[in-house]
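Quick notes on the structure that follows.
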Amino acid sequence: MSGRSRGVGPAVTRVLLSAVELPYWLAAAARNRYYDWRPSAVRHAAVPVVCVGNLTVGGTRKTPMVKWVAAYLRGRGVLVGILSRGYRA
């Protein structure tokens, strides 16, 4: 995904991703505009939420960070629940 890999497979993947970039961008922009125009459509959680994540898939040490944040908050008397989705979740 970074562009460092060479060969036919990575080149084809980059072309395919480039082909869907504009439709994805348009859909994300439309979604954002919807929530800008209709703030009442936004749902708020009944409890504080901390989100740990990014667009990188695997290997960025997100799970150890979640464990650290949870332990930190528990140490300060905060009840913690962890919700996971995605890879093997």
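Keep in mind that what you see is a predicted model, and the values were worked out from it rather than measured.
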Look up atom NZ in Lys67 and atom NZ in Lys62, then write down how far apart they are to the nearest 0.5 Å. 15.0 Å
If you measure only the distance, is there a donor-acceptor pair under 3.5 Å linking the side chains of Arg31 and Tyr35? no
Please go through Leu26's hydrophobic cluster and name the other residues, only I, L, V, M, F, W, Y counting, with side-chain heavy atoms under 4.5 Å joining them. Leu22, Trp25
Could you check Val80, Val69, Leu79 and say which one makes a side chain to side chain contact (heavy atoms under 4.5 Å, CB included) with Arg74? Val80
To check you understand the geometry: which heavy-atom pair defines the closest contact between Val52 and Met65, and what is its length? CG1-CG, 3.9 Å
Would a hydrophobic clustering, with Ile, Leu, Val, Met, Phe, Trp and Tyr connected at side-chain separations under 4.5 Å, put Leu16 with Val8? yes
Tyr72: what forms a ring-ring contact (aromatic ring centres under 6.0 Å, His included) with it, not counting sequence neighbours? Trp68
